[in-house]
Amino acid sequence: MPETLTVPPARPVAPAVVAPPSLQAVALTKEYGSVRAIENLNFTVARGEIVGFLGPNGAGKSTTMRIFSGLLAATSGRAYVAGIPVAKSPDEAKRRLGYMPEHNPLPDDMRVSEYLDLRARLKEVPRKKVKSRVEEVLEMCGLQHKTRRKLIGTLSKGYRQRVGIADAILAEPEVILMDEPTIGLDPHQILSIRRLIDSLRGRLTVLISSHILPEIEMCCDRVMIINQGRLVAVGTSASLRRELLTRSEWRVRLKGDVAAFEKLLPEVHAGLRLAACSAADGDGFVDIRLEGPANEPGLGESLLAVVTQRGSWRVREIAFVEPGLEQIFLAATKQGEDTLAPFARIRK
């Protein structure tokens, strides 16, 4: 008699555990009397992201960060840090977060290493790990060697910012909030802070508040733009360019009849026009700025083909001018002002 094979029942597969976002705002609103500093903010920041939080002065950036840090209570809505509601469990939320305020209240009469040792103990870093952790952040933030023994009051603004960042990352939190970390710094100091922030990529979640647009574009994965207390744009620089910018810009450097060149532009595209033209240089070349429709693939190739085939111009350059974050910012904030009803503004 043939054997009967018994197939064991399949074991149930446990559902995958999805980690909550590092930061989440749900209908977050803060009012001061009749004035709304922020209104109905909804966003998430994923683990390991570096996100820029942009807006003009008074837009509500610092108010939002203070709510997440537990220093300020929201009027309505909810703020979560690593899935923990800040309003209900502020102490637990603070353990997951490091905060560097715009005006960092550092003690001038303490040495750098002494201050970080004290802060590590206050942040509940295990006693056996305090020394090694302080040494680690001193090295990460470029504060080792002679700087570690200096009084904080004798440090330059750039090094004080480094101390603030070292303090924020001491307890190895999941999330770091940095409010205007490069304000008031010279270009060399800004570069060093940017490199420091970039070194945190993938290891920590970082939300950087700033109105210095080039810095945000260089070090952030994604940007959120706030205006008059409301989010008006969220996305990568590339996606926001496609979404918000309706015109493109081209730079042409050539020698020859500019009027004839301008007449040929409709053959390339009906929306292409000459926006500006410089005086000729010593070699007879002029710099021309063209404006045309955005998101038109092949426009540059068509322009080059027409110029080389239809005239006797000498061409040194035809280049697409990549719009920077400044143009995106202006387009987003103007869009916000056009669509939002005016309301009173306060300083952040």
Quiz item: Are any non-hydrogen side-chain atoms of Leu254 and Val286 less than 4.5 angstrom apart?
Solution: yes

Exercise. Determine whether more than 12 heavy atoms belonging to other residues, nucleotides or ligands lie under 6.0 Å from atom NZ of Lys129.
Key: no

Quiz item: Does some side-chain heavy atom of Thr64 sit less than 4.5 Å from a side-chain heavy atom of Leu207?
Solution: no

Quiz item: Does the Asn104 side chain pair with the main chain of Leu106, one donor and one acceptor, at a distance under 3.5 Å?
Solution: no

Quiz item: Are any non-hydrogen side-chain atoms of Val45 and Val175 less than 4.5 angstrom apart?
Solution: no

Result block: side-chain N/O donor-acceptor pairs under 3.5 angstrom for residues 134-147, not counting sequence neighbours:
from	atom 1	to	atom 2	distance (Å)
Glu135	OE1	Arg148	NH1	2.9
Glu135	OE2	Arg148	NH1	3.2
Glu135	OE2	Arg148	NH2	2.5
Glu136	OE1	Arg133	NH1	3.1
Glu136	OE2	Arg133	NH1	3.3

Practice problem: Just do the salt bridge (charged side-chain N to carboxylate O under 4.0 Å, His left out) check on Arg247 and Glu249 with the steps written out, would you? | Solution: CA-CA 7 Å; Arg247 303 290 291 171; Glu249 184 176 321; over 6 Å; no

Self-check item: Salt bridge flag under 4.0 Å for residues Arg201 and Asp198
Solution: yes

Quiz prompt | Under 3.5 Å donor-acceptor, Ser22 side chain and Ala82 backbone | solution = no

Self-check item: Nearest heavy-atom neighbours spanning Gly158 and Ile193
Solution: O-CD1, 4.1 Å

Exercise. Please check if the side chain of Glu267 supplies one atom and the backbone of Leu264 the other of a donor-acceptor pair under 3.5 Å.
Key: no

Quiz item: For the atom pair CD (Glu102) and CD (Gln161), what is the distance rounded to the nearest 0.5 Å?
Solution: 9.0 Å

Quiz item: Are Leu23 and Val51 close enough, and set up right, to give a side-chain contact (heavy atoms from CB on, under 4.5 Å), and what steps lead you there?
Solution: CA-CA 11 Å; Leu23 292 173; Val51 175; over 6 Å; no

Practice problem: Would you check if Met100 and Ile176 make a side-chain contact, meaning some heavy-atom pair closer than 4.5 Å? | Solution: no

Exercise. Treat each ILVMFWY residue as a node, draw an edge where side-chain heavy atoms are under 4.5 Å apart, and state whether Val112 and Leu122 are in one component.
Key: yes

Practice problem: Any chance you could measure Arg36, atom CZ, to Gln228, atom CD, to the nearest 0.5 Å? | Solution: 13.5 Å

Quiz item: With ILVMFWY side chains joined below 4.5 Å, transitively, what does Val26's cluster contain besides itself?
Solution: Tyr80

Exercise. Quick one: pull up CZ in Arg242 and CD1 in Ile328 and give me the separation to the nearest 0.5 Å.
Key: 10.0 Å

Practice problem: Quick one: closest heavy-atom pair of Ile208 and Cys220, and the distance? | Solution: CD1-SG, 4.1 Å

Self-check item: Atom pair OG1 (Thr236) and CG (Asp221), whose distance is rounded to the nearest 0.5 Å
Solution: 10.0 Å

Self-check item: Side chains of Asp108 and Arg160 in contact at under 4.5 Å (non-hydrogen atoms)
Solution: yes

Practice problem: To the nearest 0.5 angstrom, please state how far the CZ atom of Arg222 sits from the CG atom of Leu240. | Solution: 10.0 Å

Exercise. With the side chain counted from C-beta on, respond yes when Tyr99 and Leu71 share a heavy-atom pair under 4.5 Å apart, and no when they do not.
Key: yes

Self-check item: Candidate pair Val86 and Leu97, rule side-chain contact (heavy atoms from CB on, under 4.5 Å), full reasoning
Solution: CA-CA 11 Å; Val86 177; Leu97 180 141; over 6 Å; no

Quiz item: Is there a path of hydrophobic side-chain contacts, each under 4.5 Å between heavy atoms of I, L, V, M, F, W or Y residues, that connects Val321 with Phe285?
Solution: no

Quiz item: Got a donor-acceptor contact below 3.5 angstrom from the Thr29 side chain to the Ser76 backbone?
Solution: no

Exercise. Looking only at non-hydrogen atoms, find the nearest pair between Tyr32 and Ala37 and report the distance.
Key: CE1-CB, 3.7 Å

Quiz item: Is there a donor-acceptor pair under 3.5 Å between the side chain of Arg251 and the backbone N or O of Asp287?
Solution: no

Quiz prompt | Test salt bridge (charged side-chain N to carboxylate O under 4.0 Å, His left out) applied to Asp91 and Arg95, step by step | solution = CA-CA 6 Å; Asp91 292 340; Arg95 289 187 178 95; 5.6 Å; no

Self-check item: Minimal non-hydrogen separation, Pro181 against Ser209, with atom names
Solution: CD-O, 3.7 Å

Quiz item: Ile197 and Leu191: same hydrophobic cluster, using ILVMFWY side-chain contacts below 4.5 Å?
Solution: no

Practice problem: Check the hydrophobic clustering (I, L, V, M, F, W, Y; side-chain heavy atoms under 4.5 Å; chains of links allowed) and say if Phe320 and Leu272 are grouped together. | Solution: yes

Quiz item: Does the Glu39 side chain pair with the main chain of Gly229, one donor and one acceptor, at a distance under 3.5 Å?
Solution: no

Quiz prompt | Minimal non-hydrogen separation, Ala120 against Leu170, with atom names | solution = N-CD1, 3.6 Å

Practice problem: Establish whether Met218 and Val206 are linked, either directly or via other cluster members, by ILVMFWY side-chain heavy-atom contacts under 4.5 Å. | Solution: no

Quiz item: Is a side-chain N or O of Asn42 found less than 3.5 angstrom from the main chain of Ala27, in a donor-acceptor match?
Solution: yes

Practice problem: Apply side-chain contact (heavy atoms from CB on, under 4.5 Å) to the pair Leu303 and Leu265, showing each step before the final yes or no. | Solution: CA-CA 8 Å; Leu303 180 61; Leu265 295 180; 4.1 Å; yes

Quiz item: If we only count heavy atoms from C-beta on, is the Lys61 to Glu180 side-chain gap below 4.5 Å?
Solution: yes

Quiz item: Judged by atom type as modelled, is there a donor-acceptor pair below 3.5 Å linking the side chain of Lys255 to the main-chain atoms of Asp283?
Solution: yes

Exercise. Take the angle between the ring planes of Phe261 and Trp313 and call it parallel below 30°, perpendicular above 60°, tilted in between.
Key: perpendicular

Exercise. Would you confirm whether Lys30, through its side chain, and Ala73, through its main-chain N or O, come within 3.5 Å as a donor-acceptor pair?
Key: yes

Practice problem: Given side-chain contact (heavy atoms from CB on, under 4.5 Å), test His269 with Leu290 step by step and report yes or no. | Solution: CA-CA 12 Å; His269 193 284; Leu290 303 178; over 6 Å; no

Quiz prompt | Beyond-backbone contact of Asp167 with Tyr115, side-chain heavy atoms, under 4.5 angstrom | solution = yes

Quiz item: For the residue pair Ala171 and Val125, what are the closest heavy atoms and their distance?
Solution: CA-CG2, 4.0 Å

Practice problem: Would you mind checking if Asp281 and Arg253 are paired as a salt bridge, meaning a charged N to carboxylate O distance below 4.0 Å? | Solution: yes

Self-check item: Straight-line distance of Ile50 CD1 to Leu200 CG, nearest 0.5 Å
Solution: 6.5 Å

Quiz item: Do Asp179 side-chain atoms and Leu177 backbone N/O form a donor-acceptor pair below 3.5 Å?
Solution: no

